[in-house]
Student: 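Questions regarding the structure given below will be posed in turn.
Bear in mind that the values here come from a model prediction, so they are computed numbers and not experimental data. Protein chains get the first letters and strands the later ones, always in sequence-line order, with residue 1 at the start of each.
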Amino acid sequence: MDVQSVRGFVGTKLSFADASPDVGLRKSEAMDPEALIHLVSASGLRGRGGAGFPTGMKWKFARAEVRSPKYIICNADEGEPGTFKDRLILTDFADLVFAGMAIAGRAVGAEKGILYLRGEYEWLHAHLEGVLARRRNDGLLGAAVLGNRNFAFDIEIRIGAGAYICGEETALIESLEGKRGEARNRVPFPVQSGYLGLPTVVNNVETFAWVPCVVEKGAEWFSAMGTRKSPGARLFSVSGACDKAGIYEYPFGTPLRRLLKEVGGEDAKAVQVGGASGVCVPAAQFDRTLAFEDLATGGSIIVFGPQQDMFAVAENFQHFFAEESCGQCAPCRFGNVRLHEAILRMREEGLDADTEASLRSLAATMQAASKCGLGQSAPNAFLSILDNFAGELPRPRT
Amino acid sequence: MDIPTHLQSEVEQIISVHGRDRTALLPVLQDLNRAHSYLSQEAMLCVARELGVPRAEVYGVATFYSFLSTEPRGKYVIRLCRTISCAIQGKYHPAVSALLEELGVAFGETTRDGLFTLERTNCIGLCDQGPAMLVNDEVHVNLTERSVRAIVREYRRKAAPVGA
């Protein structure tokens with residue numbers, strides 16, 4: 001399959017298009033690993049998967065571990081509803097991702113990289129293997145990267161098999177180990193005990209792609225974009241009721257309203273920020289900004305038009321979680337099924353005060369007591385829709 | 001349970017590619033699933049023996065992932081995205097109706113000729129070009145009532161024996 005055939009619309013100029021992956025790689029090869037970690041920390045780069053953990057700090061922890069081998073894992077299990085920016089990065093900028101993984105390997109002292117590609121992206125597999133083969137041939141991967149015998153790094157691609165939960169880093173590691181994708185307890189964190197019990201760095205596709213750019217252009221170039229708490233820019237996947245669905249880059253701190261104007265979604269009634277695990281933002285709040293300190297997101301923006309039935313949205317997302325819950329812990333396994341049933345019922349019969357109170361209590365239990373981020377965030381969309389659009393439900397019979 | 005000789009040698013061949021340890025379990029099951037459309041009891045048992053993994057765990061993994069099946073499926077598995085960005089497109093419901101009519105099966109079923117299994121799936125990362133679906137590993141976007149019929153017919157044509 002020609003991967004370019006579904007490349008999609010790109011609405012803004014992307015920083016990645018101006019970067020040369022191998023300039024960053026060469027620079028990092030000439031640097032002391034500690035200085036390299038310092039540079040990434042100074043840039044303020046935070047994980048692009050959604051949680052926003054500081055990348056430099058993660059690498060520092062992994063470097064401090066004495067056990068080896070260590071692993072660098074690229075999380076390409078892009079499964080959050082409405083997210084597709086990694087698809088474009090892997091299509092157009094795979095060299096940046098692989099260079100970023102090699103730089104991470106140099107920084108933490110890891111020689112092995114694994115890219116975990118979601119099964120739904122199997123059609124990108126041959127393209128990515130082709131890029132890896134070219135990079136090995138060019139001496140950019142292998143036993144001596146750039147001819148340096150002290151810089152060995154290679155990358156293997158592993159394919160997922162259709163499980164959203166495997167985007168959670170410990171579930172992803174379980175899957176790589178040949179197990180059911182069930183999240184682990186943390187502590188220990190993967191940097192301490194990850195793949196095969198060894199120190200492991202797991203970063204998102206986009207995080208790795210920014211790394212060579214930061215090394216090439218410097219920490220200040222990066223942190224000059226964005227806000228103090230969310231330095232830099234990020235890619236957004238925009239879909240739904242707008243004229244120009246596609247992939248956009250904006251600095252953190254960009255108001256949602258500005259994004260909506262540029263994608264042709266100004267008459268939106270609401271926007272889901274962060275996918276099924278994110279929150280639904282009503283029009284009255286469109287001046288809020290896209291940043292870790294305000295509307296945090298892994299990049300998913302779904303626009304809902306004026307006619308959209310918002311509880312159909314809540315129903316769709318809750319069904320998603322009921323299907324994708326790994327079933328390991330009770331709050332998530334039962335909670336999502338019960339919430340989904342309740343949404344179906346309230347769309348027919350409305351919602352009385354007692355039922356609402358018990359559903360809010362169930363949601364709070366899921367948020368507090370689920371083992372991993374999937375269950376903890378699963379009620380968010382429903383709650384934000386209930387908070388803002390309860391008037392759309394039929395009046396309950398008394 | 002006896003393992004047929006041809007299955008035994010097939011599993012051994014696949015393991016020689018992926019390695020004889022637990023981390024190879026998912027790739028081995030994926031290859032077998034691709035070759036046979038599903039994982040038979042014999043196949044799972046053979047993998048369990050060869051990799052030294054308890055058979056309950058092999059079954060546990062086989063039933064965890066939605067792209068693996070323990071029941072026979074069609075030559076082509078159609079996975080239509082059901083997530084909101086695809087489902088709110090005006091073209092979505094007409095495309096779904098056309099697909100159901102063209103195949104003559106409901107979601108979750110396989111056509112009588114064994115060619116197609118129709119499934120709904122969660123977000124496949126093509127939200128900007130929805131409605132979208134996967135047919136095995138191939139992507140189809142911007143689906144309409146007309147295009148889904150044409151796509152199904154094209155796979156039928158591809159699967160037909162030469163000269164038929």
Student: Of the listed residues (B/Leu25, B/Leu126, B/Leu68, B/Asn33), which shares the most heavy-atom pairs with chain A below a 4.5 Å separation?
Tutor: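 Sorted descending by pairs with chain A, the first entry is B/Leu126.
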Student: Between B/Arg22 (side chain) and A/Gly178 (backbone), is there a donor-acceptor pair under 3.5 Å?
Tutor: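 Yes, B/Arg22 side chain to A/Gly178 backbone: donor-acceptor pair under 3.5 Å.
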Student: Side chain, backbone, both or neither: which part of B/Arg82 has an atom under 4.5 Å from a heavy atom of chain A?
Tutor: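 For B/Arg82, backbone and side chain are both near chain A.
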Student: For B/Leu134, which atoms come within 4.5 Å of any heavy atom of chain A: side chain, backbone, both, or neither?
Tutor: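 Only the side chain of B/Leu134 comes within 4.5 Å of chain A.
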Student: Which residues, numbered in order, of residues 11-20 of chain B come under 4.5 angstrom of chain A by heavy-atom distance?
Tutor: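 The residues closer than 4.5 Å to chain A amount to none at all.
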Student: Chain B heavy atoms under 4.5 Å from A/Glu78: which part of the residue, side chain, backbone, both or neither?
Tutor: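 Neither part, no heavy atoms under 4.5 Å.
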Student: I'd like to know whether B/Gln129 forms a side-chain contact (heavy atoms from CB on, under 4.5 Å) with A/Phe9, so could you lay out the CA-CA distance, the side-chain angles of the two residues, the decisive distance to 0.1 Å, and finally the verdict.
Tutor: CA-CA 9 Å; B/Gln129 298 163 62; A/Phe9 174 75; over 6 Å; no
Student: With a 4.0 Å cut-off on N to O distance, would you call B/Asp128 and A/Arg87 a salt bridge?
Tutor: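 Salt bridge flag = yes for A/Arg87 with B/Asp128.
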Student: A/Ala312 versus chain B, heavy atoms under 4.5 Å apart: side chain, backbone, both or neither?
Tutor: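 Just the backbone, heavy atoms under 4.5 Å.
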Student: Tell me, side chain or backbone of B/Val61 under 4.5 Å from chain A's heavy atoms, or both, or neither?
Tutor: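 Backbone plus side chain of B/Val61, per the 4.5 Å heavy-atom cut-off to chain A.
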Student: With distance as the sole test, does A/Asn316 use its side chain to make a donor-acceptor pair with the main-chain N or O of B/Ile84 at under 3.5 Å?
Tutor: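 Side chain of A/Asn316 to backbone of B/Ile84: a pair is present.
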Student: Under the side chain to side chain contact (heavy atoms under 4.5 Å, CB included) test against A/Glu122, which residue among B/Gln30, B/Arg34, B/Glu138 passes?
Tutor: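 Among the candidates, only B/Arg34 passes.
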Student: Does B/Phe107 have more than 12 heavy atoms from other residues, nucleotides or ligands lying within 6.0 Å of its CZ?
Tutor: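 Yes, CZ of B/Phe107 has more than 12 neighbouring heavy atoms, counting only those of other groups under 6.0 Å.
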Student: Do B/Asp137 and A/His125 have side-chain heavy atoms sitting under 4.5 Å apart?
Tutor: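 Side-chain contact under 4.5 Å: no.
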Student: Run the side-chain donor-acceptor check on residues 155-167 of chain A: report pairs under 3.5 Å with partners two or more places apart or on a different chain.
Tutor:
unit_1   : atom_1 : unit_2   : atom_2 : d
A/Arg158 : NH2    : A/Leu176 : O      : 3.1
A/Arg158 : NH2    : B/Thr23  : O      : 2.7
A/Tyr164 : OH     : A/Glu80  : OE1    : 2.6

